[in-house]
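Reviewing the structure listed below.
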2 protein chains.
Amino acid sequence: MQTSDLKKAGLKATLPRMKILNFLESSRVRHMSAEEVYKAMLEAGEDVGLATIYRVLTQFETAGLVTRHHFEEGHSVFELNLGEHHDHIVCVKCGHIEEFFDPTIEERQHKIAEEKGFDMTDHALYIYGICAQCKKEA
Amino acid sequence: MQTSDLKKAGLKATLPRMKILNFLESSRVRHMSAEEVYKAMLEAGEDVGLATIYRVLTQFETAGLVTRHHFEEGHSVFELNLGEHHDHIVCVKCGHIEEFFDPTIEERQHKIAEEKGFDMTDHALYIYGICAQCKKEA
DNA sequence: AAACGGAATGAGAATTTTTCGCATCTTGAG
DNA sequence: CTCAAGATGCGAAAAATTCTCATTCCGTTT
Ligand SMILES: [Mn+2]
Ligand SMILES: [Mn+2]
Ligand SMILES: [Zn+2]
Ligand SMILES: [Zn+2]
């Protein structure tokens, strides 16, 4: 969390933006809605307006600092971009999320976009199911 | 569009449900939001309340008659289930959607769910990009 | 270090999407 | 045909997100 990270992303290094970036970097929870970020920051004593959370997360997304996900819950979920792209498998019972990367799938996706004449800009793969834990408890 | 289709799905064959199912079956547009279904039906002289559209589409989804998609627009998009499962490639410029099915990807998904200890219930793959048409117009 | 201009923030209002509550109307069983 | 359970419509309410605009902050220039 350096002001330079924001500068590099073409964003002014403002206090709210620093706080949000810091929070995301230090949070053990990797996938959070804007509302969740807002509340968690409040509890941590970092008071940033909800509208600003929304604005900044969207700016971070545009700058490539975070990824926005559209799971089945009907609201956006954000994740700080560390390292490389990955996809998600989500438990529909408890919300537990695991990440994975499959080169074969990635390659097929590029091939399909090409075949269809698209310039691929992005892609998202979500697998839904019941996690091992929830299966046991059933 | 038979009352039997609804009965089979465990739903009473009510007039609004019949109208909505008919509309979906006869619509040239395959992927529509609740609002779009509502407006299109109004124009077609079939007046069904918006709340009912939402309720019925959700019931149809539960019954397996339609699929609900979560594209990047922030609202649900519905599609009548004809034949078999498929995934989508969406143009981020014009909204054009093409469908595809890739056995290799499907198989890898099952494998991944298995490896992670999940009982897979569903999955969604969205590829985003610029379609051939929009590339030309750029 | 003070000043300035443009950009960012906060708070609440406003939008957008979806759900709820309840009085009224239908459907399907008997 | 009658009746109860269930469905619909409408407007109110929720939930998620964006917008407005007065105030504040950041970065650059004196
Ligand atoms: Mn992730
Ligand atoms: Mn489709
Ligand atoms: Zn679980
Ligand atoms: Zn296009």
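Nothing here was measured: the structure is a model prediction, and the numbers come from that model. Here is the naming used below: chain letters follow the sequence lines, and residue numbers restart at 1 for every chain.
A straight line from CD of B/E36 to P of C/dT18 spans 11 Å, rounded to a whole angstrom. Between the NZ atom of B/K7 and the P atom of C/dT26 there is a distance of 17 Å, given to the nearest Å. Put simply, CD on A/E61 is 13 Å from C1' on D/dT17, counting in whole angstrom units. A straight line from CE of A/M32 to P of D/dA16 spans 14 Å, rounded to a whole angstrom. Atoms NE2 (A/H69) and C1' (D/dA16) sit 18 Å apart, rounded to a whole Å. Straight-line distance from the CD atom of A/E73 to the C1' atom of C/dT18: 15 Å, rounded to whole Å. As a whole-Å value, the separation of A/E35 CD from C/dT17 C1' is 16 Å. Between A/H75 atom NE2 and D/dT17 atom C1' there is a gap of 12 Å when expressed in whole angstrom units.
The 12-atom threshold is exceeded at CD of B/E72, counting heavy atoms of other residues, nucleotides or ligands nearer than 6.0 Å. In B/H110, the NE2 atom is not crowded: 12 or fewer heavy atoms of neighbouring residues, nucleotides or ligands sit closer than 6.0 Å. With a 6.0 Å radius and a threshold of 12 heavy atoms from other residues, nucleotides or ligands, B/K39 has its NZ atom at or below the threshold. Atom CD of A/E99 is surrounded by more than 12 heavy atoms from other residues, nucleotides or ligands within 6.0 Å.
In this structure, B/A34 reaches neither bases nor backbone, as no heavy-atom distance under 4.0 Å exists between it and the strands shown.
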Could you walk me through whether A/L57 and A/L24 satisfy the side-chain contact (heavy atoms from CB on, under 4.5 Å) test, starting with their C-alpha distance in whole Å, then the side-chain angles of each, then the deciding distance to 0.1 Å, before giving a yes or no?
CA-CA 10 Å; A/L57 286 175; A/L24 293 178; 4.1 Å; yes

Between B/L125 and B/F100, does a side-chain contact (heavy atoms from CB on, under 4.5 Å) hold up when you go through it step by step?
CA-CA 10 Å; B/L125 168 57; B/F100 65 88; 3.9 Å; yes

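Between B/Y54 and C/dT18 there is a side-chain polar atom (N or O) within less than 4.0 angstrom of OP1 or OP2. The side chain of A/S76 places an N or O atom within less than 4.0 Å of a non-bridging phosphate oxygen (OP1 or OP2) of D/dT17.
Taking 4.0 Å as the cut-off between side-chain N and carboxylate O, A/E137 and A/K93 do not count as a salt-bridged pair.
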What protein N or O atoms touch nucleotides 5-10 of chain D N or O atoms at under 3.5 angstrom, if any, and at what distances?
| unit_1 | atom_1 | unit_2 | atom_2 | d |
| --- | --- | --- | --- | --- |
| D/dA7 | OP1 | B/R17 | NH2 | 3.0 |
| D/dT8 | OP1 | B/T14 | OG1 | 2.8 |
| D/dG9 | OP2 | B/G49 | N | 3.1 |
| D/dG9 | OP2 | B/T52 | OG1 | 2.7 |
| D/dG9 | N7 | B/R55 | NH2 | 2.7 |
| D/dG9 | O6 | B/R55 | NH1 | 3.3 |

